[in-house]
Amino acid sequence: MSRQLTAHLPRSARVLDVGCGQGTQVLRLARAGHHVTGLDSSPALLDDLGRALDAEPDDVRARVRVVQDDARNLASFAESFDVVLCHGVLMYFADPEPLLDDLVRLVAPDGVLSLLVRNGDALAMRPGLRGDWAAARQAFESESYDNRIGVTARADRLDDLTASLADRRMRVRAWYGVRVFTDTAADEAAVPGEPELQALLACEERAGATDPYRRVAALTHVIAGQAPSTRASSAGSTLPPDTIATPDPNFA
């Protein structure tokens with residue numbers, strides 16, 4: 001997913017990571033020269049991020065701001081950002097529309113919104129691949145699922161999310177699948193050796209940008225920006241869901 005995102009980042013961007021957790025993206029982006037604000041409501045996860053920051057060089061630490069707050073309080077942010085990330089968060093909101101409103105408002109003109117959601121078009125894949133046929137049959141008709149830690153969460157269908165963004169004058173520039181081949185890997189599975197890991201990542205990256213594989217991924221990664229009509233013209237449209245951009249996983 002990081003490589004997918006990198007292909008759409010401007011240089012030295014101002015980034016807001018909503019639900020940053022222990023700071024995986026915060027640290028990666030700050031190391032790359034971006035100025036990153038990480039927001040999360042969990043003191044424990046932000047403590048983890050703080051300890052990781054302590055081990056970073058001074059220039060990286062200087063590019064990071066950490067805010068402990070709830071994503072529901074984004075209205076308190078008066079500034080805008082070149083890049084707004086919201087990865088693995090929308091699924092925990094029964095009604096994601098207010099959060100989407102805030103996320104879109106915080107994207108600067110010509111900025112980028114990056115969303116990572118549970119793929120509502122493929123909820124039957126995980127239980128089916130595990131041989132849990134009762135759960136798979138139920139998932140065909142469901143819009144929710146039980147995640148790896150037993151929490152019931154919500155999924156988003158790509159077409160619905162694309163339409164919701166279009167209602168906010170945001171256009172999907174590219175979308176990808178995440179965890180096409182690895183969704184059923186055990187949480188305690190050891191990380192493979194470097195040659196196998198690189199082969200795995202190459203396969204996941206290619207599948208995540210290619211139909212039909214990306215359509216059955218566990219997660220959907222959407223990159224959106226302002227529709228042309230909000231910048232220069234009076235007529236704008238969303239990209240069709242089949243738009244493919246060549247690219248340069250969380251408890252979901």
Decide, yes or no, whether a salt bridge links E97 with R168 under the criterion of side-chain N to carboxylate O below 4.0 Å.
-> yes
Dump the intermediate steps for side-chain contact (heavy atoms from CB on, under 4.5 Å) on Y92 and N147, then the final yes or no.
-> CA-CA 10 Å; Y92 300 112; N147 69 10; 2.9 Å; yes
Residue pairs, two or more places apart or on separate chains, that pass ring pair (Phe, Tyr, Trp, His ring centres under 6.0 Å) and touch residues 205-228 = H87-H221, Y176-H221
Taking atom CE of M170 and atom CD1 of I223, what is their separation to the nearest 0.5 Å?
-> 10.5 Å
Matching residue for L158 among V117, V172, N119, V222 - test: side-chain contact (heavy atoms from CB on, under 4.5 Å) = V222
Presence of salt bridge, D159 and R157, under 4.0 angstrom | no
With R137 via side chain to side chain contact (heavy atoms under 4.5 Å, CB included) - residues at least two apart = none
N-O pairing of R51 and D48 below 4.0 Å | yes
Minimum heavy-atom separation for T6 to R28, with atom names?
-> OG1-NH1, 3.1 Å
Taking every heavy atom of A94 against every heavy atom of P96, the minimum-distance pair comes out as O-CD, 3.7 Å
Could you go through residues 10-23 and list every donor-acceptor pair under 3.5 Å that involves a side-chain atom there, pairing it with any protein atom two or more places apart or in another chain?
from, atom 1, to, atom 2, distance (Å)
R14, NE, D82, OD2, 3.3
R14, NH1, S80, O, 2.6
R14, NH2, D82, OD1, 2.9

Indicate if I149 and M91 have the same hydrophobic cluster label, given that clusters are the connected sets of ILVMFWY residues with side-chain heavy-atom separations under 4.5 angstrom.
-> yes
Taking the side chain as C-beta and beyond, is there a heavy-atom pair between L219 and R118 under 4.5 Å?
-> yes
Are L53 and L85 grouped together when hydrophobic residues (ILVMFWY) are joined by side-chain heavy atoms under 4.5 angstrom apart?
-> yes
When every non-hydrogen atom of Q226 is compared with those of D110, the smallest separation belongs to OE1-N, 4.0 Å
Closest approach of E204 to F181 (non-hydrogen atoms, all atoms of both residues) = OE2-N, 2.7 Å
Tell me, do V26 and V66 make a side-chain contact under 4.5 Å, heavy atoms counted?
-> no
F77-F93 co-clustered via ILVMFWY side chain contacts under 4.5 Å | yes
Pair R169-V104, side-chain contact (heavy atoms from CB on, under 4.5 Å): steps then yes or no | CA-CA 9 Å; R169 299 188 177 186; V104 169; over 6 Å; no
side-chain hydrogen bond (donor to acceptor under 3.5 Å, both in side chains) filter on D59, not counting sequence neighbours, yields none
If two hydrophobic side chains count as joined below 4.5 Å and joins carry through other members, does V60 share a cluster with L9?
-> no
More than 12 non-hydrogen atoms from neighbouring residues, nucleotides or ligands closer than 6.0 Å to CD on Q68, yes or no?
-> yes
Those residues that, when tested against D167, pass salt bridge (Lys or Arg N to Asp or Glu O under 4.0 Å) (two or more places apart) = none
Between OG1 of T162 and CH2 of W175, what distance do you get to the nearest 0.5 Å?
-> 9.0 Å
Please report the closest heavy-atom contact between V67 and L46, naming both atoms and the distance.
-> O-CD1, 4.0 Å
Rounded to the nearest 0.5 angstrom, the OG-CG distance for S76 and D69 is 5.5 Å
Assess whether side-chain contact (heavy atoms from CB on, under 4.5 Å) is satisfied between V89 and L99, documenting all intermediate values.
-> CA-CA 10 Å; V89 175; L99 178 55; 4.1 Å; yes
Just wondering, are more than 12 heavy atoms of other shown residues or ligands nearer than 6.0 Å to CD in Q198?
-> yes
Among T220, L5, V178, find the residue that satisfies the side-chain contact (heavy atoms from CB on, under 4.5 Å) test when tested with L116.
-> V178
Considering only heavy atoms from C-beta outward, does the side chain of L115 approach that of L165 to under 4.5 Å?
-> yes
Residue pair D70 / S41: nearest heavy atoms and the distance that separates them = CA-CB, 4.2 Å
Cluster partners of L200, using ILVMFWY side-chain heavy atoms under 4.5 angstrom, listed by chain and number?
-> V191, L197, L201
CZ/R179 to CE/M125 distance, rounded to the nearest 0.5 angstrom?
-> 13.0 Å
Same apolar cluster (I L V M F W Y, side chains within < 4.5 Å links), V180/Y145 = no
Separation between OG (S114) and CD (Q4), nearest 0.5 Å, reads 8.5 Å
Interatomic spacing from CG in L90 to CZ in R154 - rounded to 0.5 Å = 6.0 Å
Backbone N or O of L74 within a donor-acceptor pair of the R105 side chain at under 3.5 Å?
-> yes
